[in-house]
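Just so you know, residue 1 is the first one in the sequence shown, and it goes up from there. Computed from a predicted model, the values in this text were never measured in an experiment.
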Amino acid sequence: MNSIQNYILEHKNRFLDELIELLKIPSISADSAYKTDVLKTADAVKLRLEQAGCDNVEICETDGYPIVYGQKIIDKNLPTVLVYGHYDVQPPDPINLWDSPPFEPVIKKTEKHPDGAIFARGACDDKGQMYMHVKAMEFMTSTNQLPCNVKFMIEGEEEVGSANLATFVKNNHNKLKNDVILISDTGMIANDVPSITTGLRGLSYVEVEVTGPNRDLHSGLYGGAVANPINILTKMIASLHDEDNHITIPGFYDNVEDLSTEERAQMAKAPFSLENYKKALDINAVYGETGYTTNERNAIRPTLDVNGIWGGYTGEGAKTVIASKAYAKISMRLVPNQDWENITQLFKTHFESIAPQGVTVKVTPHHGGQGYVTPIDSIGYKAASHAYQDTFGKAPIPQRSGGSIPIVALFEQELKSKTILMGFGLDSDAIHSPNEHFGVWNYLKGIETIPLFYKYFTEFSK
């Protein structure tokens, strides 16, 4: 496209300043204390879409946080691209592990980001990547180079399960009608190794509660005579994996997709250094299911992980009690063909069945979603591949991601559209962790690449 690099160079500082202002707003959807900030962010996104050239931008109310919708229809005979992103962010905890305040963005150089990276909660997931699309739209409209129709759907509840977005999609088939869905909420292998995510794992998220005595007890008077819910919970959790780190829930693997030797060989072609992987995480060994490589474990195999565990006294000093209750939050990442609702029920049935006498167990499902695989022979994938080829100088590698975007499978079910996942973050960008960041180079490279997707998708659709 004409002048895209010059346009980015001319407006680079403004592009960064606008993103920094967006990152300052703590739009934490999981914590109701930040409700005003989440709503403020929705208004900010609406304003930026209008300034980027969208028509009919609106705040669509839901039973939770609103969806920001905008569109630019230039010719109903041309293809329509639906852009999805989210403006909510994860909680920043633990705050003490951040090198700078999570909602006071700073740009710092790193080994992987010599041009600097923006450090802030939401920098990569997903405000920075979502905002690339807004700026790409600005370029195309301001230079009269928009080749097709565009719709934007930016939600505020992705980090808490997107329950209200699902309802919105089901009720607005005509409004959201499109030829392809474009999302940047994933990553790529490296700045010199572009890749396109072709698969996502599904998710089942539950909370468990183990109850013993009707009150906290003195551990000297009652210890050894009454079931300790914390002890019991840890034993139950430990039993969910065997010595090969295979998940022990009956029926869990019944529908797991087994990739062929050829497909696994293709995955193995992606550049990967186990030593660099360990060094980046400051660990001396990797850990996981026997019989699979690290990249297979975190992409094509299902998992079960404890995300949080608590109970009893955790304050300063000592308090000798047997807690009445113990809790844990558990997530299961699922592969294609595993139905998340079925897996949730299998977990609930199994976990309740292994509880010993003396305690009661409650399993509360939270949210989940199906896995997703997109074909690499589609028009959308080919358009994305050509766009990367132009801006990176090499063809991207298709790769499956270990992450989940539960709404993607619903998009295909409800809107009958394939999704293309053009992520520009890196695995080292610490999403969901302290010191989350997004490379300035990556941010600008996304703005440069996205308009080319529109160009090629329109050309290939003729």
Side-chain angles (χ1 to χ4, degrees), residues 28-32 90-97 159-161 163 201-217 219 222-223 226-253 287-289 297-298 301-315 319-334 338 340-369 402-404 406 431-434:
I28 306 168
S29 56
D31 189 340
S32 60
Q90 282 274 322
D93 309 83
I95 297 291
N96 63 305
L97 295 183
E159 300 293 5
V160 290
R201 290 194 289 192
L203 174 69
S204 169
Y205 195 95
V206 300
E207 183 173 325
V208 299
E209 173 186 316
V210 177
T211 303
N214 59 6
R215 64 185 188 279
D216 288 359
L217 303 176
S219 66
Y222 292 93
V226 175
N228 182 325
I230 300 175
N231 293 355
I232 297 298
L233 176 59
T234 57
K235 288 182 179 180
M236 292 173 69
I237 289 173
S239 76
L240 296 175
H241 292 89
D242 64 18
E243 62 276 8
D244 292 322
N245 289 313
H246 200 77
I247 297 165
T248 57
I249 299 171
F252 187 87
Y253 291 95
Y287 184 86
E289 186 180 2
R297 290 168 179 165
N298 65 24
R301 297 299 295 168
T303 63
L304 185 153
D305 286 292
V306 178
N307 304 130
I309 185 168
W310 68 100
Y313 181 69
T314 58
K319 183 181 181 183
T320 53
V321 295
I322 295 173
S324 172
K325 292 179 178 290
Y327 306 84
K329 293 181 184 290
I330 297 172
S331 65
M332 290 162 280
R333 299 287 176 168
L334 312 176
Q338 283 186 294
W340 78 270
E341 292 178 318
N342 176 57
I343 293 297
T344 301
Q345 185 58 51
L346 289 176
F347 176 91
K348 183 176 188 297
T349 300
H350 176 68
F351 205 73
E352 291 172 347
S353 74
I354 61 175
Q357 292 185 344
V359 299
T360 57
V361 171
K362 178 183 178 183
V363 177
T364 303
H366 279 293
H367 62 272
S404 303
I431 64 172
H432 291 211
S433 301

- Task: Test ring pair (Phe, Tyr, Trp, His ring centres under 6.0 Å) on F252 and H350 and set out the steps.
- Result: CA-CA 10 Å; F252 187 87; H350 176 68; over 10 Å; no
- Query: Quick check: does any side chain N or O of T248 sit under 3.5 Å from a backbone N or O of S239, one acting as donor and the other as acceptor?
  - Reply: yes
- Enter the distance from Q357:CD to I232:CD1 here, rounded to the nearest 0.5 Å. 11.5 Å
- Could you tell me whether a side-chain N or O of Y222 sits under 3.5 Å from a main-chain N or O of N228, the two making a donor and an acceptor? no
- Donor-acceptor under 3.5 Å (N307 side chain, S331 main chain): yes
- Please answer whether the main-chain N or O of T303 pairs with a side-chain N or O of R333 as donor and acceptor at a distance below 3.5 Å. no
- Item | Non-hydrogen side-chain atoms of D31 and P91 separated by less than 4.5 Å | no
- Task: Applying side-chain contact (heavy atoms from CB on, under 4.5 Å), name anything that partners S219, two or more places apart in sequence or on another chain.
- Result: T320, I322
- Query: Sub-3.5 Å donor-acceptor pair from the side chain of S404 to the main-chain atoms of R201, do we have one?
  - Reply: yes
- Could you pull out all residues at least two apart from K329 that satisfy side-chain hydrogen bond (donor to acceptor under 3.5 Å, both in side chains)? E207
- Value rounded to 0.5 Å, distance of NE2 in H367 from OG1 in T344: 10.5 Å
- Query: What pairs with T349 under side-chain hydrogen bond (donor to acceptor under 3.5 Å, both in side chains), at least two apart in sequence or on another chain?
  - Reply: Q345
- Query: Do the non-hydrogen side-chain atoms of T211 and K362 ever get within less than 4.5 Å of each other?
  - Reply: no
- Are side-chain heavy atoms of V208 and M236 found at a separation under 4.5 Å? no
- Closest non-hydrogen atom pair, A328 against I237: CB-CD1, 3.9 Å
- Taking every heavy atom of I247 against every heavy atom of P302, the minimum-distance pair comes out as CD1-O, 4.2 Å
- Item | L346 versus P250, closest heavy-atom pair with distance | CD2-O, 3.7 Å
- Query: Are any of the side-chain heavy atoms of V206 and F351 separated by less than 4.5 Å?
  - Reply: no
- Minimum heavy-atom separation for P229 to G212, with atom names? CG-N, 3.5 Å
- Task: Check step by step if side-chain contact (heavy atoms from CB on, under 4.5 Å) holds for E209 and T364.
- Result: CA-CA 8 Å; E209 173 186 316; T364 303; over 6 Å; no
- Determine whether P94 and P434 make a side-chain contact, defined as any pair of heavy atoms from C-beta on separated by less than 4.5 Å. yes
- Query: After noting the C-alpha distance and the side-chain angles of V359 and L233, does the key distance pass the side-chain contact (heavy atoms from CB on, under 4.5 Å) rule?
  - Reply: CA-CA 10 Å; V359 299; L233 176 59; over 6 Å; no
- I28 CD1 to D93 CG distance, which is reported to the nearest 0.5 Å: 7.5 Å
- Query: Of the non-hydrogen atoms in S29 and E159, which two are nearest, and what is the gap between them?
  - Reply: OG-CB, 3.9 Å
- Task: Calculate, to the nearest 0.5 Å, the distance between atoms CD1 and CG belonging to I330 and D305 respectively.
- Result: 9.5 Å
- Query: At their closest point, which heavy atom of G311 faces which heavy atom of A323, and how far apart are they?
  - Reply: C-CB, 4.4 Å
